[in-house]
Amino acid sequence: MLSVALRTLRTRWVTFVGSFVALSLGVALLAVMGLALASSLDAPERQPERFAAAPVVVRGQDTLSVPTPIGDRTQKLVHPRAVPEATVGRLHELGTVVADRSFAVRAARGPGDLVGHPWSTAAFAPYAIDAGRAPRAADEVVVTGDWARPGQRVETDRGTVTVVGTATPRPSGPDTPARSGTVTPRNSGTDSAARSGPSTPHPSGLDTPHTSGPDTPHPSGPTTPHTFENALFYTDARAAELSPRSTQLVVEADAADVRAAVQGQGLQVLTGTDRRLADADPDRDSEALTAMNALFGTAGGVTAFVSVFVVASTFAFAVAQRRREFGLLRTAGATPGQVRRMVFAEALMVGVTASAAGCALGAYGAPKLAAWMVDGGLAPAWFTIGDFTWPYHVAFWTGLLVALLGVIAASWRAGRTGPTQALREASVDTEAMTWGRSLFGAGLLLTATVTLGLALFSDPGELLHRKTYVSRPMLLITAIALLAPVLVGPLTRLIAWLPAQLPGAGGMLVRENAAAGIRRTAAVAAPVLVTVALAGSLPGATATLNEAKATETREQTVASFVVTPAGDAGFDAATVKRFEAVEGAEVSATSSSAVYVLEDGVALVRSVARAADAGPLARTVRLPLAAGKVSDLDDDSIIVNEEWEKHTVGQRVDVWLGDGTKKSLRIAAVMTTGTGNNGVYVTPANAPGATVDRVDVALAEGADPATVAAALTRAGGHVFTKDQWVQASYPETNRTTRYGFILVLGIALLYTGISLANTMVMATSDRVRELAVLRLAGATRWQVLAMVAGEALMVVAVGGVLGLLVAALNLAGLWSALGLLSVRSPVRLPWAELGATVGSCAVLAVVCSLAPAALAMRRRAVELAGIHE
């Protein structure tokens, strides 16, 4: 049977080309994913940047560690603690101490990621003056990069400053102090204890780490290392005014002496490569790699799913077309086992050659994809593809397994072909649905329904997670695809009802041909179903969740105005007092913080917290309370949500505040879960280190809105009306998720194109005699081509309707989960993506059906009608 399989591949190559291309691309993507994963696991250790030339860096406590029965649980503190003043005094005895401060700065015509520092820390990068001099006055600065030159006046959210110099980072060894040739300023402001700066308040909630810009070459020349930040250096005194607290210090002393001076205080003493932990966002490389691997993991899973789907569909259709061929083999004496082995041998040969081609394609494409990931900011600048062999083995054998899995059902069906099939002439599919297909389809549909019901009943919040709404559609897609032959008939007649009523026989022929060839219609509609379902489910889920979050913001905002800082530093006490003094304004000043709670005795969970006074909060915000009252919030209590293990009003719960202080608080009120962003509320006394970053303003009775808005603007900050605030707060899909969806939909659309092209060419080539009979019956060439195009469009419409049904069912489950979480929000279907997907499928289907039909009809109809297989 191997020789028969080889001859079959040679003579029926059109039948197998779709499976070959689909497997090749699938293996290529798996190889790329494996190479990227292997390269990320072999990532180099990140080197220090801002403190590359600093001898020792001492950081205040920035990590909360809580012992549990299974080991210590840790979380990063949102408000790191300062180095104690007494400790700073002891460090002064060892050597020079320089306080570090970092704070965001916004310039009118500068980079969007500007960060301010005191000039005394410039020596530790080390930076060196390129032009000009060091700052001496409060309104003088030194900048990095080429966006400003000495003598230029720059407007910032911290006031107008004069650029007096430009600086460039110079190469430095891992353990060398500031070198000669750099400008080493005098130390000043070292006794100001506090909050520095890797963290700056974010208007939307928690303090988030400031992230410097991407690593880009500095324009000064090849000997200059990459610029890791866009910095703006002030005098030490001015930096201390702009950022009063500092959480890390540089100490020019022996590391052993420094460790002895701070022993037992929970402080970090950083030397060598550990000094990178004092840089802004030191974990950004690992986070980027994790996001990248998740993206490739999702893409790989979709690739495996769709490739098995396409290969199985293609082989099933090919077997259905070859019934007479298999019948002849059975008549000639072939056993069912021999026929099955022949089909398996065909799949094996296709799988081996396609997997080998895919590995070669993956080796070529992996470096290009890595470069694209770096250019798009999805991977660190150093990321490249390494020399590994195991990803090729995984991809090759996975591709071969996919080919064999895809042909199992088709080979079984081929082996059941009886000798009488050799005499068959009818083209009507009478057994499109086998009992096995019906059983599996119904079982998967029941499984999808039951699991959705259980999720809604037990934990509806789980349905809002990305991993859930990405994976859940696959089960329903498979179930509907298996049951497609049952649905195709009624759906075809429904869609084609109106065209069939038009004058002429074209519409009627389209309807009857599609209804008679149920297997062919289902085979063509299946890939369209997959792509449309994914295009509707994935972007639709994120759009629906974003709308739900916007709905929560709209319903919870009662204030007429919301004021946010011009920069990221928050409002100082004087500015808040100016807001409170505005006539006709009822002001609620809130700040971002966090609390930590130990759930189930083993999980240390961080919750977003807002700090506010109860009275003003109740007048400006409508919290979604399930129990309790906002007015009961005081310094001994907390408002939690229903996600907490303890969420009964009056209960006491042990929490750790944003700076790591442990406290027992009484539950004053409980909010509904919502989309998971309701967080908790505490009073300012329980948010040490937090800065006011949002002011909600309600109007007193009779107050003029325009007058109040003007007064608030004069007091400082950006003033939003309620509608403007909701619009400005509308969540957007993050870049990694967006790229992931583009990649997944691109893969699905590519496979759909392959499957459509292959199936349409096979189907149309198999109907040459049928088309010739139409010509002999009086139909013109253009009428036949119009009928073929009409059938292609109608089949795409069938697949589109089934895909839309799957997307609607998935989004209905998401909508139900939101309802159970007390969020009433409409479902958002991504009509633009759906329209583009269906349009692309329609064009592919029409072209791939018309091309072989037009080529075939270049011959005379009587010649075509006389062709025998």
Side-chain angles (χ1 to χ4, degrees), residues 9-25 310-311 313-318 320-322 350 427 492 496 499 506-507 509-511 513-514 516-517 519-531 748-777 779-800 836-867 869:
L9 287 175
R10 188 167 56 250
T11 56
R12 283 186 171 269
W13 63 271
V14 173
T15 301
F16 301 99
V17 68
S19 298
F20 177 87
V21 175
L23 275 175
S24 297
L25 291 175
V310 168
V311 171
S313 178
T314 302
F315 269 105
F317 185 58
Q321 281 190 309
R322 296 165 63 190
V350 170
S427 298
T492 297
L509 286 174
V510 167
R511 182 187 65 188
N513 283 336
R519 190 181 300 278
R520 180 180 69 244
T521 302
V524 176
V528 180
L529 183 160
V530 173
T531 309
L749 188 58
L750 180 63
Y751 274 115
T752 295
I754 294 168
S755 183
L756 278 177
N758 190 60
T759 307
M760 294 303 295
V761 169
M762 289 168 57
T764 306
S765 300
D766 199 48
R767 299 175 61 197
V768 169
R769 294 178 63 190
E770 175 188 335
L771 300 180
V773 170
L774 286 175
R775 291 289 309 281
L776 293 174
T780 66
R781 184 170 181 267
W782 293 110
Q783 285 177 322
V784 174
L785 291 177
M787 184 199 72
V788 171
E791 286 185 33
L793 289 174
M794 193 196 63
V795 173
V796 169
V798 170
T837 300
V838 174
S840 301
C841 293
V843 171
L844 284 169
V846 170
V847 171
C848 293
S849 59
L850 286 181
L855 288 174
M857 284 192 295
R858 293 173 64 183
R859 300 173 60 185
R860 296 173 58 194
V862 291
E863 295 176 1
L864 293 174
I867 292 177
E869 295 182 358

Quick one: list whatever passes side chain to side chain contact (heavy atoms under 4.5 Å, CB included) with Val838, sequence neighbours left out.
-> Val532, Val796

Who pairs with Leu785 by side chain to side chain contact (heavy atoms under 4.5 Å, CB included), at least two apart in sequence or on another chain?
-> Arg781, Trp782, Leu850, Ala853, Ala854, Met857

Can you name the nearest heavy-atom pair linking Val798 to Ala525, along with the distance?
-> CG1-CB, 4.3 Å

Closest non-hydrogen atoms of Val528 and Gly800, given as atom of the first, atom of the second and distance, are CG1-N, 3.7 Å

Distance col, row Leu844:CG vs Ser849:OG, nearest 0.5 angstrom, shows 10.5 Å

